[in-house]
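Reckoned from all heavy atoms, side chains included, excluding hydrogens, waters and symmetry mates. In listed order, ligands and their atoms are each counted from 1.
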Amino acid sequence: MSDSYDVIVIGGGPAGYPAAIRAGQNKLSVACIDGWKNYDGSYAFGGTCLNAGCIPSKALLESSELFHRAGHEFKAHGISLSALKMDVAAMQKRKAGIVKGMTGGIASLLKANGVTALQGVGRLMPGRKVEYTAPDGTKKELSARFVVLASGSVPMPLKTAAFDGKHIVDSWGALEFDAVPERLGVIGAGVIGLELGSVWARLGAKVTVLEAMDGFLPMADRQLANEALKQFTKQGLEIKLGAKVSAAAVAGKAVAVTYTDAKGEKQAEFDKLVVAIGRKPYTDGLLAEGTGVELDARGFIQVDAHCRTATPDVFAVGDCVRGPMLAHKAKEEGVMVADLIAGLYGHTNYDAIPSVIYTAPEMAWVGKTEEQAKASGVTVKTGVFPFVASGRARAMEAPSGFAKIVADAVTDQVLGVHIIGPMAGELIGEAVLALEYSASCEDLQRTIHAHPTLSEAVHEAALAADKRAIDMLNR
Ligand code: FAD
Ligand code: NAD
């Protein structure tokens, strides 16, 4: 193993491994050090996303959605089933297989791109030196012309409901349940609370979500958030807004939770409690004294718009820096810095990062909400197309939700797109491209969308913005 590289990347998640692969593609010598350790002690590349986030959660969302549809929707198609049963162990085995395949795939990709993949811990020292500690504890000093920090994030703990790993768990714990809890409590009605709450609710758990804020999904367009709250409530997800947890105590096999809402102090009892109140940047042990890399007040590594830290030739990307904690944002930053290091053009468009919540109905958006567009002083026009008017959505037995376009009424430029409904996460791709290309409503209106597809909802929403929708009444 050489001790000196063009680039050393610390962290092998969605920020770090693309940075390493792209640097390899750019013909630079690269090492990527990753310390992710699974519950069984094995090491795996891919970080939170592949091991305990995006991928396992989507595997469980798919399984639980199929189970739910088999129980609730198949009848409408004329399909009858007897004795529908969920085998949680088989579901978890499938998920583990997907995770193993994907993380193994990253190790192969690193190798194929000439990256030296090192499992263990990396620590930045002054002078772009990196101390590498191997799994057996041996240490080695490496050096690089450039260092990329991609150490990610970890769940935020809650003092009043401390994790015990068994009854009070974080999102990773909630992905590993070996049985459906009868009563599941979730603290935080954010992305994780809704996705994992949905998984276990579809499998039969009585799910209660305790959210401290009075508003639901404050980052989303109000019309979309209101529709989502209506749909989740209809599905039986109990979402209590303005609920502040003051204590959680494990008593026997249950967790007793005390919380306060507008009506005063309340008690609730759950078999499992998931704390999902956000994540915090992880930089423990990452920076030795004197590196010059600075953290902000919330613990994020401080960077400029091109992910440069205060130390020359040291970059930081992904969840450990400002911006949304999303795998695709992390990946884009990783690729950007690998290109900048190679002297190529590199840029991340922070105004066109899509958000997706993989519930049913799915939610996805990009750009400005109607409220944000109005607050920015723009004269706004909107177009909304409900999926109940989409032939494809009806055929799919998925008629709830809508696609909404927010545009500048004067210039016609599309400012934001907000979708709640079937395959919203796939449909948003067109909207991201529209924003990337500064498209107008007219551009979307003149783009032919195949029939019958869900994407026609985006087309019709663009038409509706000018009161010229074809497949619904214009209001
Ligand atoms: P991480 O993925 O956290 O990777 C950092 C890596 O660095 C880890 O392997 C860590 O062990 C390693 N590391 C840290 N310090 C060191 C060190 N000193 N030496 C060596 N290695 C080190 N995002 C989406 O876009 N879509 C989703 O659907 C989605 N679903 C999610 C579901 C859940 C349940 C969770 C928890 C998150 C989800 N996310 C999702 C968020 C996504 O996982 C993160 O945004 C993404 O993983 C960030 O990538 P990263 O590389 O910055 O950090
Ligand atoms: P989040 O920020 O999405 O939601 C946390 C929620 O908890 C918020 O609604 C917040 O108001 C609430 N909260 C905070 N403190 C509380 C308290 N003491 N009591 C009750 N509620 C409280 O965070 P998350 O759901 O933990 O997810 C973490 C990160 O992971 C997010 O930034 C998200 O982007 C990412 N993630 C993304 C996806 C996806 O892209 N589909 C899926 C899962 C996670």
Side-chain angles (χ1 to χ4, degrees), residues 9-19 32-37 43-58 60-61 103 106 118-124 130-133 149-161 170-172 174-175 186-197 199 209-219 240-246 259 274-287 316-321 323-331 333-334 353-359 362-364 425:
V9 181
I10 303 180
Y17 84 76
C32 180
I33 307 172
D34 186 67
W36 183 275
K37 232 171 154 180
Y43 283 82
F45 278 92
T48 306
C49 174
L50 274 81
N51 290 287
C54 326
I55 303 307
S57 62
K58 268 76 249 179
L60 296 190
L61 278 156
T103 56
I106 302 298
L118 301 172
Q119 276 160 332
V121 178
R123 179 175 170 84
L124 180 70
V130 172
E131 179 191 77
Y132 163 59
T133 307
L149 307 172
S151 54
S153 65
V154 289
M156 203 119 68
L158 182 61
K159 270 199 197 117
T160 51
D170 62 15
S171 53
W172 194 4
L175 288 165
V186 181
I187 306 183
V191 194
I192 292 179
L194 295 174
E195 288 188 359
L196 297 186
V199 165
V209 186
L210 303 170
E211 166 60 48
M213 307 276 278
D214 293 325
F216 182 62
L217 290 179
M219 67 293 207
K240 295 183 183 289
L241 298 174
K244 295 180 181 65
V245 173
S246 52
Y259 66 94
V274 183
V275 179
I277 58 166
R279 295 175 63 84
K280 58 175 186 173
Y282 178 75
T283 54
D284 289 5
L286 180 69
L287 306 169
V317 290
D319 279 12
C320 64
V321 304
M325 287 182 166
L326 295 171
H328 41 282
K329 174 262 193 186
K331 181 181 185 182
E333 289 181 336
I353 298 176
S355 294
V356 183
I357 306 184
Y358 297 83
T359 45
E362 201 160 280
M363 290 172 260

Thr160 side-chain N/O to Val245 backbone N/O, donor-acceptor pair under 3.5 Å: yes

Numbered atoms of ligand 2 (with element) below 4.0 Å of Ile187, judged on heavy atoms: 19 (N), 20 (C)

Test of proximity, Met213 against ligand 2: N or O pairs below 3.5 Å: no

Heavy-atom nearest neighbour in the protein, as seen from atom 1 (P) of ligand 2, with distance rounded to 0.1 Å: Gly190 CA, 4.1 Å

Selection from Gly193, Ala212, Pro324 by shortest heavy-atom distance to atom 21 (N) of ligand 2: Ala212

N or O pair under 3.5 Å between Val191 and ligand 2: yes

Sorted by chain and number, the residues that approach ligand 1 to under 4.0 Å with a heavy atom: Ile10, Gly11, Gly12, Gly13, Pro14, Ala15, Ile33, Asp34, Gly35, Trp36, Gly47, Thr48, Cys49, Ala52, Gly53, Cys54, Ser57, Lys58, Gly120, Val121, Gly122, Ala150, Ser151, Gly152, Ser153, Ser171, Ile192, Arg279, Tyr282, Leu286, Gly318, Asp319, Met325, Leu326, Ala327, His328, Ala330, Tyr358

Val199 and Ser57, any side-chain heavy atoms less than 4.5 Å apart: no

Contacting atoms of ligand 2, where contact means under 4.0 angstrom from a heavy atom of Val356: 39 (C), 40 (O), 41 (N)

Distance-only N or O hit between ligand 2 and Ile357, under 3.5 Å: no

Atom indices of ligand 2 within 4.0 angstrom of Glu195 heavy atoms, with elements: 39 (C), 41 (N), 42 (C)

Identity and distance of the protein heavy atom lying nearest atom 43 (C) of ligand 2: Ile192 CG1, 3.3 Å

Numbered atoms and elements of ligand 2 in range of Leu210, under 4.0 angstrom, heavy atoms: 20 (C), 21 (N)

Met325 contact mode with ligand 2 (heavy-atom cut-off under 4.0 Å): both

Atom pair CG (Leu210) and CG (Leu241), whose distance is rounded to the nearest 0.5 Å: 10.0 Å

Test item: Leu217 and Leu194 side chains (from C-beta on) under 4.5 Å apart, heavy atoms: yes

Worked check of side chain to side chain contact (heavy atoms under 4.5 Å, CB included) between Leu287 and Leu149: CA-CA 10 Å; Leu287 306 169; Leu149 307 172; 3.9 Å; yes

Gap separating the CD1 atom of Ile277 from the CD1 atom of Ile192, nearest 0.5 angstrom: 10.5 Å

Residue list, salt bridge (charged side-chain N to carboxylate O under 4.0 Å, His left out) with Lys280, at least two apart or on another chain: none

Residue and atom name of the nearest protein heavy atom (relative to atom 22 (C) of ligand 2), distance in Å to one decimal: Ile277 CG2, 3.6 Å

Which residues share a salt bridge (charged side-chain N to carboxylate O under 4.0 Å, His left out) with Lys58, sequence neighbours left out: Glu195

Residues forming a salt bridge (charged side-chain N to carboxylate O under 4.0 Å, His left out) with Glu362, sequence neighbours excluded: none

Residue Arg279 vicinity, atoms of ligand 2 by number, heavy atom under 4.0 Å: 28 (C), 29 (C), 30 (O)

Atoms in ligand 2 with a heavy atom of Leu158 nearer than 4.0 Å: 18 (N)

Shortest protein heavy-atom distance from atom 12 (C) of ligand 2, along with the residue and atom involved: Glu211 OE1, 3.3 Å

Under 3.5 Å: donor-acceptor pair, side chain of Lys329, backbone of Gly318: yes

Any donor-acceptor pair under 3.5 Å from Tyr132 side chain to Gln119 backbone: yes

Validation row: Lys37, Tyr43 side chains within 4.5 angstrom (heavy atoms): yes

Atom pair CG (Asn51) and CH2 (Trp172), whose distance is rounded to the nearest 0.5 Å: 6.5 Å

Matching residue for Ile33 among Thr133, Val130, Val121 - test: side chain to side chain contact (heavy atoms under 4.5 Å, CB included): Val130

Atoms in ligand 2 with a heavy atom of Gly188 nearer than 4.0 Å: 6 (C), 7 (O), 12 (C), 21 (N)

Exam field: side chain Ser151 to backbone Thr283, donor-acceptor pair closer than 3.5 Å: no

For atom 23 (O) of ligand 2, closest protein heavy-atom neighbour: Gly278 CA, 3.3 Å

Atom indices of ligand 2 within 4.0 angstrom of Tyr358 heavy atoms, with elements: 41 (N)

